2 protein chains.
Amino acid sequence: MFSIGALSDRTGVKIATIRYYEDMGLLPPPERTAGNQRRYSQSGLDRLAFIKHARDLGFAIDAIKALITLHDHPDRSCAQANAIAQTQLADVQSKIARLRRLETELSRIATNCYGAGRAGDCYVLTSLADHDLCQTKH
Amino acid sequence: MFSIGALSDRTGVKIATIRYYEDMGLLPPPERTAGNQRRYSQSGLDRLAFIKHARDLGFAIDAIKALITLHDHPDRSCAQANAIAQTQLADVQSKIARLRRLETELSRIATNCYGAGRAGDCYVLTSLADHDLCQTKH
DNA sequence: CTTGAACCTCTAGTCACTAGAGACCCTACA
DNA sequence: TGTAGGGTCTCTAGTGACTAGAGGTTCAAG
């Protein structure tokens, strides 16, 4: 049995976050000592590792809830898990696409300003004031 | 003079967001009609366009505040504006790098699951449960 | 003068945590 | 067995950048 601190050390998830996951229904309420402290079994540790891994990959809490439900019911179809992963992948890809456009624009803006002149002549500030100077949409 | 709705239409910034920017000190409080409604001048419109452009590029409210201050003081050095833009660029680049790692992992996970089998055999779910199946760090 | 769209303020909710207060528990050591 | 001090408890409130809604007021066209 692990205390909440031991679980935190083993998974890298902060104590407050573990309690938060319990409140959100991601982690089942663990056993308690006579003095009301949480005590986790191996399955609690496994589930927290699952959650952490999914969070690291950017899955939202609700998506993780659905994935956990499927994980707990191995006889169901995995179509939903597949759909959730595809959605997440598409989401990540569209974020990348957007950030790349921003990167293009920001690097153009930043390299045209050497930081040595007056603010009145600053390319960073003029670019922000005049959208027409931009070369991409964002 | 523009009403808040006209300003919203012209910039694409929602009315509630315009008021929020005013509360945050990004937009100066505009004139008011006898009946207490906001009326903006051209300079209010220009400033909101500046803010919107900066937000679209991902600058945080505090960074935009600093940029506006510089914009209002054209005789100051533009070193700070340059630094803010460089920081924002670096931030965007590190987000891209992280998302690309996630994309690699997610597409590996998603393409190994066809959504047709049992949840118990689902590659999405097994991968989440076992970090060792991953090929990159995240 | 009326009507209805636009506007006002204020509160509370979103997401995924994070920080802190004030109190209680657990365990190792003397 | 007593105690010190680190771990844990619950609860509240804050983060960033908005967004939604309630309940009331104002504006402008007809």
Side-chain angles (χ1 to χ4, degrees), chain A residues 1-27 29-40 44 48 50-68 84 87-88 91-92 95 98 102 138, chain B residues 1-27 29-40 44 47-48 50-68 84 87-88 91-92 95 98-99 102 138:
Chain A
M1 302 296 270
F2 311 104
S3 68
I4 196 168
L7 213 65
S8 172
D9 290 344
R10 254 158 253 246
T11 56
V13 178
K14 290 188 182 166
I15 290 177
T17 308
I18 297 174
R19 291 198 275 247
Y20 170 74
Y21 288 159
E22 184 182 326
D23 286 348
M24 292 302 100
L26 287 186
L27 276 175
E31 289 178 42
R32 300 273 185 152
T33 64
N36 200 36
Q37 298 193 356
R38 290 170 180 81
R39 286 297 176 272
Y40 295 90
L48 183 56
F50 182 103
I51 295 167
K52 162 125 171 77
H53 194 182
R55 282 296 300 135
D56 285 348
L57 287 168
F59 288 95
I61 298 285
D62 278 354
I64 298 174
K65 242 185 240 184
L67 291 170
I68 286 174
I84 290 170
T87 302
Q88 178 60 16
D91 187 52
V92 165
K95 279 186 177 138
R98 174 177 148 78
L102 299 195
H138 41 258
Chain B
M1 304 296 271
F2 311 105
S3 68
I4 198 168
L7 214 66
S8 173
D9 290 345
R10 254 156 253 246
T11 57
V13 178
K14 289 188 184 167
I15 290 177
T17 308
I18 297 174
R19 290 198 274 249
Y20 170 74
Y21 288 160
E22 184 181 328
D23 287 348
M24 292 300 103
L26 287 187
L27 276 176
E31 291 179 40
R32 299 276 184 150
T33 64
N36 199 35
Q37 296 193 1
R38 291 170 180 82
R39 285 297 175 272
Y40 296 90
R47 171 155 296 187
L48 183 56
F50 182 103
I51 295 167
K52 162 121 169 83
H53 193 181
R55 282 296 300 135
D56 285 348
L57 286 167
F59 288 94
I61 297 286
D62 278 354
I64 298 174
K65 245 185 237 182
L67 291 170
I68 286 174
I84 290 170
T87 304
Q88 177 61 15
D91 187 52
V92 165
K95 277 186 180 138
R98 174 176 148 77
L99 285 172
L102 299 196
H138 41 259

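Note that this is a predicted model, so its numbers are computed, not measured.
- For A:T33, a side-chain nitrogen or oxygen approaches OP1 or OP2 of C:dC26 to under 4.0 Å.
- If you take NZ of B:K14 and C1' of C:dC8, they are 19 Å apart, rounded to a whole angstrom.
- In this structure, B:M24 atom CE and D:dG14 atom C1' are separated by 13 Å, rounded to whole Å.
- Distances were taken from every side-chain heavy atom of A:Q37 (C-beta onward) to each of D:dA17, C:dC26, C:dA16; the shortest belongs to C:dC26.
- Here the P atom of nucleotide D:dT8 and the CD1 atom of A:I15 are 5 Å apart, to the nearest Å.
- Considering only residues two or more places apart in sequence or on other chains, A:F50 meets the ring-ring contact (aromatic ring centres under 6.0 Å, His included) condition with A:H71.
- At least one side-chain heavy atom of B:D91 sits less than 4.5 Å from a side-chain heavy atom of B:Q88.
- Proximity of B:S3 to the phosphate of D:dC27: no side-chain N or O atom is located under 4.0 Å from OP1 or OP2.
- Shortest non-hydrogen contact noted between A:E22 and A:P30 is OE1-CD, 3.5 Å.
- Side-chain N/O atoms of A:R19 include none lying less than 4.0 angstrom from OP1 or OP2 on D:dT10.
- For D:dA17, neither phosphate oxygen OP1 nor OP2 lies less than 4.0 angstrom from any side-chain nitrogen or oxygen of B:T17.
- To the nearest angstrom, P of C:dA16 lies 13 Å from CD1 of A:I51.
- Side-chain N/O atoms of A:R55 include one lying less than 4.0 angstrom from OP1 or OP2 on C:dC17.
- Taking atom CD1 of residue A:I18 and atom C1' of nucleotide D:dT10, one finds them 16 Å apart after rounding to whole Å.
- Counting heavy atoms from C-beta on, the side chains of A:I18 and A:Y40 come closer than 4.5 Å.
- The existence of a salt bridge linking A:K52 and A:D56 is confirmed by a sub-4.0 Å separation between a basic side-chain nitrogen and an acidic carboxylate oxygen.
- Closest contact between the side chain of A:A16 and the listed nucleotides C:dT18, C:dT9, C:dC25 involves C:dT18.
- Spacing between atom CD of A:E22 and atom P of D:dC9 amounts to 9 Å, rounded to whole angstrom units.
- Taking atom NZ on A:K65 and atom C1' on C:dC15, their separation rounds to 12 Å, with Å as the unit.
- Residue contacts shown for A:Y21 are limited to sugar-phosphate atoms, with no base heavy atom under 4.0 Å away.
- In terms of position along DNA chain D, the nucleotide closest to B:A60 lies nearer the 5' end than the nucleotide closest to the other residue of the pair B:A60 and B:N36.
- Residue B:R38 has a polar side-chain atom (N or O) positioned under 4.0 Å from OP1 or OP2 of C:dC8.
- Look at CD1 on B:I64: it is 13 Å from P on D:dG16, rounded to the nearest Å.
- Position along DNA chain C of the nearest nucleotide to A:D62 versus B:G35 favours B:G35 as the more 5'-ward residue.
- Considering only the side chain of B:I61, D:dA17 comes nearest among C:dA16, D:dT10, D:dA17.
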